[in-house]
Amino acid sequence: MSDEPKSTPVTSDDDLPEQMRVRHEKRARLLERGVDPYPVAVPRTHALREIREANTDLAPDTATGVLVGVTGRVMFIRNTGKLCFATLREGDGTELQAMLSLDSVGADSLSEWKTDVDLGDHVFVHGEVITSRRGELSVMADSWQLASKSVRPMPVAHKQLAEETRIRQRYVDLILRPQARETVRTRASVVRSLRDSFHGRGFIEVETPMLQTLQGGATARPFVTHSNALDIDLFLRIAPELFLKRCVVGGIEKVFEINRNFRNEGSDSSHSPEFSMLEFYEAYGTYDSMAVLTRELIQEAAQAVTGSQVVTLADGTEYDLSGEWTSLTMYGSLSEAVGEAVTPDTPVEHLRKLADRHGLEVDPKHGHGKLVEELWEHLIGDHLHAPTFVRDFPLETSPLTRAHRSELGVAEKWDLYVRGFELATGYSELVDPVVERQRLEEQAKLAAGGDDEAMPVDEDFLRSLEYGMPPSGGVGMGIDRLLMAITGLGIRETILFPLVRPE
RNA sequence: GGGCCGCUAGCUCAAUUGGCAGAGCAGCGGACUUUUAAUCCGCGGGUUCGGGGUUCGAUCCCCCGGCGGCCCA
């Protein structure tokens with residue numbers, strides 16, 4: 001940030017690896033010669049991409065007469081006696097060759113190039129756009145200058161970086177691996193597509209609190225922090241749901257938010273303690289209409305990103321997101337899987353027997369709803385490959401969801417499963433303030449009994465419902481999961497800087 | 001939380017039964033005016049994750065700890 005004096009000495013650290021010591025010495029020698037290894041600006045005239053796009057069909061050994069100033073990171077370098085080659089790469093991944101000959105830059109400049117420039121340096125090259133004898137589009141330098149000296153050696157570009165290094169030093173991963181840069185762009189395209197889809201349908205984007213005074217909107221363990229000014233503990237939100245519903249109460253009837261949620265839990269191939277969440281609500285929508293909208297959002301995102309609703313995953317296999325998607329009910333599909341009728345009336349003891357019979361260990365504290373969900377996940381959910389809506393969850397474990405309009409004991413809630421993981425969840429929202437109060441009081445009892453995932457009674461939220469919330473549908477969808485669904489990547493690849501334990 | 005595997009040069013990885021710690025790329029010196037991971041000759045580079053133990057001798061065997069990965073819960 002700050003300008004250092006030009007006389008900055010070589011670092012006195014003798015412990016530096018040889019290669020870093022050498023580069024620091026080069027930097028110091030440049031300063032001694034009065035050459036700034038970190039100039040404030042260089043006279044760039046063209047992006048590498050512009051030169052590539054303007055010269056698509058040049059024959060080998062062509063001189064265009066066009067003079068340009070270009071920049072890039074030196075990715076490969078091939079120095080011969082009197083003619084040097086370097087492959088420059090710019091941020092968008094475009095590469096262009098720079099050539100420096102004794103004839104065009106002179107002996108001193110060529111010799112400085114050979115001694116001062118390392119792999120990884122950013123350089124500026126001014127010269128003529130030509131093609132080499134082999135036909136490689138190049139800039140034949142008439143002058144060059146360092147744009148930024150790299151004092152840390154770049155890892156070899158031909159070997160895969162260890163996974164831990166890729167995640168801990170994502171900047172290196174981005175330098176070396178085109179796929180890493182592509183993932184960043186894909187993610188941006190997905191988020192943009194979602195916003196476009198919503199705006200095209202008249203939805204309003206809002207931002208609701210990330211710092212909340214009560215945890216709510218989901219069952220999960222929160223991160224706790226503290227406000228010095230208010231002297232109260234605050235929770236990093238686990239979900240925006242209760243605030244988005246307040247929006248609907250207030251008349252923002254088609255509303256969405258894309259923002260970060262935080263859950264104080266471990267991470268694995270499909271979980272991260274902080275993750276981006278999309279939630280959207282629509283007055284006079286139901287879990288049926290929300291399922292249709294959810295499918296369209298995902299299909300439009302796949303189309304926007306890949307140009308097709310049949311996407312190619314990271315492992316090379318194709319995955320079909322097009323058309324209508326399968327629906328099944330939780331109790332119906334579970335009954336089929338265990339070979340006997342399982343209903344909301346099936347006693348807890350019998351569910352435990354079923355779990356035991358299918359080799360599933362369950363927490364003895366689990367009630368009916370949790371047992372049914374775990375059995376279902378174990379027997380069906382984990383194996384669902386094609387996009388599938390599983391509908392009508394146990395009422396007991398869905399405290400913010402409306403009871404089914406005709407089926408007793410189940411809630412109008414669906415989960416969308418894609419390749420065995422949960423991608424989104426949708427509801428006909430519970431809007432009756434009296435029933436909602438009962439549900440939250442049940443949750444509060446669980447919390448008092450030591451369940452740190454249960455939510456407390458949120459009086460302000462209940463007050464908003466008491467003013468009257470229109471019948472509504474709501475959906476939550478993980479953005480990272482959506483990336484996983486469209487690309488086939490693991491969650492640590494879709495998140496640019498995943499949380500890792502400090503080195 | 002449990003089990004298994006890994007951690008060695010800047011990077012990616014070897015190292016026989018416990019016997020002088022190596023390779024490729026990268027680096028340094030030299031040659032080379034059309035290279036494409038340039039090539040050729042020469043050279044340097046190590047707290048083998050940390051601590052303890054066994055042993056004449058430990059990258060290797062044992063114990064404790066750290067970090068990571070995979071599987072299970």
Side-chain angles (χ1 to χ4, degrees), chain A residues 13-27 29 58-63 72-89 95-107 109-111 113-121 127-128 130-141 149-169 171-173 175-178 265-271 355-356 358-366 370 374 377-378 382 490-493 498-503:
Chain A
D13 194 345
D14 296 329
D15 295 340
L16 281 180
E18 180 198 19
Q19 295 193 43
M20 286 193 67
R21 208 188 62 236
V22 166
R23 288 177 180 225
H24 275 285
E25 284 164 4
K26 288 182 181 181
R27 172 185 177 279
R29 279 205 311 272
L58 291 183
D61 216 8
T62 303
R73 188 191 289 273
V74 176
M75 298 304 293
F76 302 109
I77 196 158
R78 300 172 288 280
N79 289 345
T80 73
K82 300 187 179 66
L83 180 62
C84 299
F85 304 85
T87 304
L88 306 186
R89 186 156 76 199
E95 293 184 346
L96 192 71
Q97 178 166 275
M99 294 169 64
L100 298 93
S101 77
L102 179 65
D103 294 343
S104 56
V105 299
S109 179
L110 188 67
S111 146
W113 170 270
K114 283 196 264 190
T115 55
D116 297 344
V117 175
D118 289 304
L119 284 178
D121 289 355
E128 182 182 1
I130 65 156
T131 53
S132 71
R133 279 183 207 159
R134 293 283 182 87
E136 184 75 35
L137 186 64
S138 309
V139 173
M140 176 60 89
K149 179 76 198 156
S150 163
V151 294
R152 189 176 284 274
M154 224 175 32
V156 297
H158 322 298
K159 288 280 186 180
Q160 241 194 351
L161 217 50
E163 188 180 336
E164 190 183 351
T165 311
R166 292 212 333 256
I167 290 168
R168 284 190 187 273
Q169 302 183 41
Y171 37 88
V172 180
D173 190 28
I175 289 169
L176 293 177
R177 203 166 52 94
E265 295 162 359
S267 51
D268 60 31
S269 56
S270 63
H271 293 80
D356 193 48
H358 288 91
L360 179 65
E361 283 181 39
V362 292
D363 189 330
K365 290 196 294 271
H366 284 347
K370 195 80 182 161
E374 294 224 336
E377 271 174 43
H378 180 70
D382 291 348
I491 199 166
R492 282 187 305 281
E493 300 300 325
L499 179 65
V500 281
R501 198 178 286 275
E503 288 172 79

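Naming: A, B, ... by sequence-line order, numbering from 1 per chain. On a predicted model such as this, the values are computed, not experimentally measured, just so you know.
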Student: Counting any heavy atom closer than 4.0 Å, what does R492(A) reach on the DNA or RNA strands: base, sugar-phosphate only, or nothing?
Tutor: sugar-phosphate

Student: Please report, rounded to the nearest Å, how far the C1' atom of A73(B) is from the NZ atom of K370(A).
Tutor: 14 Å

Student: Please report the C-alpha distance between R21(A) and H24(A) in whole Å, then the side-chain angles of each, then the deciding distance to 0.1 Å, and finally whether the side chain to side chain contact (heavy atoms under 4.5 Å, CB included) criterion is met.
Tutor: CA-CA 5 Å; R21(A) 208 188 62 236; H24(A) 275 285; 5.8 Å; no

Student: Specify the closest pair of heavy atoms between L110(A) and L100(A), including all atoms of both residues, with the distance to one decimal.
Tutor: CD1-O, 3.5 Å

Student: Between the protein and nucleotides 31-33 of chain B, which nitrogen or oxygen pairs are less than 3.5 angstrom apart?
Tutor:
unit_1 : atom_1 : unit_2  : atom_2 : d
C32(B) : N3     : G81(A)  : N      : 3.3
U33(B) : OP1    : K82(A)  : NZ     : 3.2
U33(B) : OP2    : K82(A)  : N      : 3.1
U33(B) : O4     : D103(A) : OD1    : 2.6
U33(B) : O4     : D103(A) : OD2    : 3.1

Student: Between P on U34(B) and CZ on R78(A), what's the gap in Å once rounded to a whole number?
Tutor: 13 Å

Student: Round to a whole Å and report the spacing from CD of E493(A) to C1' of G69(B).
Tutor: 13 Å

Student: Name all residues meeting the side-chain contact (heavy atoms from CB on, under 4.5 Å) criterion together with A162(A); count only those two or more places apart in sequence or in a different chain, and write none if there are none.
Tutor: T165(A)

Student: Please examine the side chains of R29(A) and K26(A), heavy atoms only from C-beta on, and report whether any two atoms are closer than 4.5 Å.
Tutor: yes

Student: Is the shortest heavy-atom distance from the side chain of F85(A) to the side chain of L83(A) under 4.5 Å?
Tutor: yes

Student: Figure out the CD/P separation between Q97(A) and U36(B), and round it to whole Å.
Tutor: 10 Å

Student: Fill in the dot-bracket string of RNA chain B, one character per base: . for unpaired, | for a pair to another strand, ( ) or [ ] for pairs within the strand, taking Watson-Crick or G-U pairs under 3.5 Å.
Tutor: (((((((..((((.....[..)))).(((((.......))))).....(((((..]....)))))))))))).

Student: If every non-hydrogen atom of P155(A) is compared with every non-hydrogen atom of L161(A), which pair is closest and at what distance?
Tutor: CB-CD1, 3.7 Å

Student: Please measure how far the P atom in A9(B) lies from the corresponding atom in G51(B), and state the result in whole Å.
Tutor: 16 Å

Student: Is the closest side-chain heavy-atom distance between K149(A) and D118(A) below 4.5 Å?
Tutor: yes

Student: When you compare U16(B) with C25(B), how far apart are their P atoms, in angstrom units rounded to a whole number?
Tutor: 24 Å

Student: What's the gap between G24(B) and C20(B) when it is taken at their C1' atoms, as a whole Å value?
Tutor: 23 Å

Student: For Q160(A), answer base if it contacts any base atom (sugar-phosphate contacts may also be present), sugar-phosphate if it contacts only those atoms, and nothing otherwise; contact means non-hydrogen atoms under 4.0 Å.
Tutor: sugar-phosphate

Student: From CD of E164(A) over to C1' of G66(B), roughly how many Å is that when rounded to an integer?
Tutor: 12 Å

Student: Taking the C1' atom of each, how far is G10(B) from C62(B), in whole Å?
Tutor: 33 Å

Student: What integer number of Å spans the C1' atoms of G22(B) and G45(B)?
Tutor: 13 Å

Student: Under 4.0 Å: is that the gap between some side-chain N or O of R501(A) and OP1 or OP2 of G68(B)?
Tutor: yes

Student: For G57(B) and A73(B), measure between their P atoms and round to the nearest Å.
Tutor: 47 Å

Student: Detail all sub-3.5 Å separations between protein N/O atoms and N/O atoms belonging to nucleotides 24-28 of chain B.
Tutor:
unit_1 : atom_1 : unit_2 : atom_2 : d
A26(B) : O2'    : Q19(A) : OE1    : 3.2
A26(B) : N3     : Q19(A) : NE2    : 2.8
G27(B) : O4'    : Q19(A) : OE1    : 3.3
C28(B) : OP1    : K26(A) : NZ     : 2.5

Student: Using whole Å, report how far CD of E25(A) lies from C1' of G10(B).
Tutor: 15 Å

Student: Is the count of non-hydrogen atoms from other residues, nucleotides or ligands lying under 6.0 Å from K159(A) atom NZ greater than 12?
Tutor: no

Student: On RNA chain B, nearest-nucleotide positions of E136(A) versus P155(A): which is more 5'?
Tutor: P155(A)

Student: Measuring only the C1' atom in each nucleotide, how far is G18(B) from U48(B)? A whole number of Å is fine.
Tutor: 15 Å

Student: Given atom CZ of R166(A) and atom P of C11(B), what is their separation to the nearest angstrom?
Tutor: 16 Å

Student: I'd like to check R166(A) versus E493(A) (side-chain heavy atoms, cut-off strictly below 4.5 Å). Are they in contact?
Tutor: yes

Student: Taking only residues two or more places apart in sequence, or in another chain, which ones meet H366(A) in a side-chain contact (heavy atoms from CB on, under 4.5 Å)?
Tutor: D363(A), K370(A), L371(A), E374(A)

Student: Take atom C1' in U34(B) and the same atom in G29(B), then report the distance between them in whole Å.
Tutor: 25 Å

Student: Can you tell me the distance, in whole Å, between the CG atom of L16(A) and the P atom of G46(B)?
Tutor: 13 Å

Student: Work out which heavy atom in A355(A) is nearest to a heavy atom in V362(A); give both atom names and the distance.
Tutor: CB-CG1, 4.0 Å

Student: Please enumerate all residues that pass side-chain contact (heavy atoms from CB on, under 4.5 Å) together with R152(A), with sequence neighbours excluded.
Tutor: M20(A)

Student: Are more than 12 heavy atoms from other residues, nucleotides or ligands located less than 6.0 Å from atom CD of Q169(A)?
Tutor: yes

